[in-house]
Amino acid sequence: MAINAYLQDIHGKKERKVCDLHYCLARLWPIGDKSFPLLQYIDPYGNVIFNGIQMAEVERELDILLERCSSQEQKEVVGAIRELAKKGQDTPHLYLRFRGD
């Protein structure tokens, strides 16, 4: 399963994106893990959108995931998604959208 992330505006226009081209997040992603209050709800086959207020928590949870990465590729993808969350906090009216395949 690929989990791609997009920073988009209120109209759905994609400002930036991170694609998990090699499915490196499949074993790492905390789907259903209650210790991840927001990321546990990422649907690997659907869409989830977080607003600017939620992105600080998403960033915190991504920091925890970074510590769990077992490959450089995982670190790069999670780190890039974290940067999207950071940018979303700093810029009004941006949303972080996760899209499964």
Side-chain angles (χ1 to χ4, degrees):
M1 98 187 121
I3 297 175
N4 300 315
Y6 305 91
L7 195 59
Q8 65 184 44
D9 67 16
I10 197 164
H11 303 290
K13 178 183 173 199
K14 296 173 186 167
E15 301 284 325
R16 296 183 185 183
K17 67 180 176 179
V18 175
C19 296
D20 179 17
L21 298 175
H22 299 105
Y23 308 102
C24 69
L25 299 180
R27 292 187 187 146
L28 177 68
W29 209 258
I31 297 166
D33 183 340
K34 298 202 183 314
S35 64
F36 290 84
L38 296 178
L39 295 183
Q40 71 170 320
Y41 295 112
I42 301 296
D43 182 351
Y45 304 104
N47 295 290
V48 174
I49 299 175
F50 296 111
N51 65 34
I53 296 169
Q54 295 169 312
M55 282 191 238
E57 175 62 23
V58 169
E59 184 181 2
R60 187 192 71 77
E61 293 177 32
L62 289 167
D63 285 340
I64 295 168
L65 273 188
L66 272 171
E67 295 174 10
R68 296 182 180 186
C69 290
S70 60
S71 72
Q72 185 61 33
E73 185 177 20
Q74 284 178 335
K75 288 178 185 176
E76 289 172 6
V77 173
V78 173
I81 294 171
R82 184 187 179 282
E83 289 303 312
L84 294 182
K86 179 98 174 113
K87 174 74 173 167
Q89 290 176 67
D90 298 338
T91 309
H93 310 298
L94 288 181
Y95 300 86
L96 184 58
R97 176 181 177 191
F98 288 89
R99 182 172 180 224
D101 60 7

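Along the sequence shown, residues are numbered consecutively beginning with 1.
The salt bridge (charged side-chain N to carboxylate O under 4.0 Å, His left out) search around Asp43 returns none, not counting sequence neighbours. Residues that satisfy the salt bridge (charged side-chain N to carboxylate O under 4.0 Å, His left out) test with Glu57, not counting sequence neighbours, are Arg60. In this structure, the salt bridge (charged side-chain N to carboxylate O under 4.0 Å, His left out) partners of Asp33, at least two apart in sequence or on a different chain, are Arg68. Shown here are the salt bridge (charged side-chain N to carboxylate O under 4.0 Å, His left out) partners of Glu61, two or more places apart in sequence or in another chain: there are none.
Between Leu96 and Ile49 the shortest side-chain heavy-atom distance does not fall below 4.5 Å. Taking 4.5 Å as the limit, some side-chain heavy atom of Asp63 sits within range of a side-chain heavy atom of Arg82. Using a 4.5 Å heavy-atom threshold, the side chains of Gln8 and Glu15 count as separate. With contacts defined as side-chain heavy-atom distances shorter than 4.5 Å, the pair Cys24/Gln74 qualifies. The side-chain heavy atoms of Glu59 and Gln89, taken from C-beta on, include a pair separated by under 4.5 Å.
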Dump the intermediate steps for side-chain contact (heavy atoms from CB on, under 4.5 Å) on Leu62 and Leu65, then the final yes or no.
CA-CA 5 Å; Leu62 289 167; Leu65 273 188; 4.3 Å; yes

Leu7 vs Lys17, side-chain contact (heavy atoms from CB on, under 4.5 Å): CA-CA, chis, key distance, verdict:
CA-CA 6 Å; Leu7 195 59; Lys17 67 180 176 179; over 6 Å; no

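A donor-acceptor contact shorter than 3.5 Å links the side chain of Asp20 to the backbone of Leu25.
Here the closest non-hydrogen pair linking Asn4 and Cys19 is OD1-CA, 3.1 Å. Closest approach of Val58 and Ala85 over heavy atoms only: CG1-CB, 4.3 Å.
In this structure, Leu94 CG and Lys14 NZ are separated by 14.5 Å, a value rounded to the nearest 0.5 Å. Rounding to the nearest 0.5 Å gives a distance of 10.5 Å between CD of Gln40 and CD1 of Ile31. Rounding to the nearest 0.5 angstrom, the gap separating the CD1 atom in Ile81 from the CD atom in Glu76 is 12.0 Å. Distance check, rounded to the nearest 0.5 Å: NZ of Lys87 to CE of Met55 gives 11.0 Å.
In the hydrophobic clustering of this structure, Tyr41 does not group with Phe50; members are Ile, Leu, Val, Met, Phe, Trp, Tyr whose side-chain heavy atoms approach within less than 4.5 Å, directly or through other members. Placement of Val18 and Tyr95 in two distinct hydrophobic clusters is found when ILVMFWY residues are connected by side-chain heavy-atom separations under 4.5 Å, directly or transitively.
The list of ring pair (Phe, Tyr, Trp, His ring centres under 6.0 Å) pairs with a residue in residues 2-30, not counting sequence neighbours, reads Trp29-Phe98. Under the side chain to side chain donor-acceptor pair (under 3.5 Å) criterion, the residue pairs touching residues 44-53 are Asn47-Arg97, with sequence neighbours excluded.
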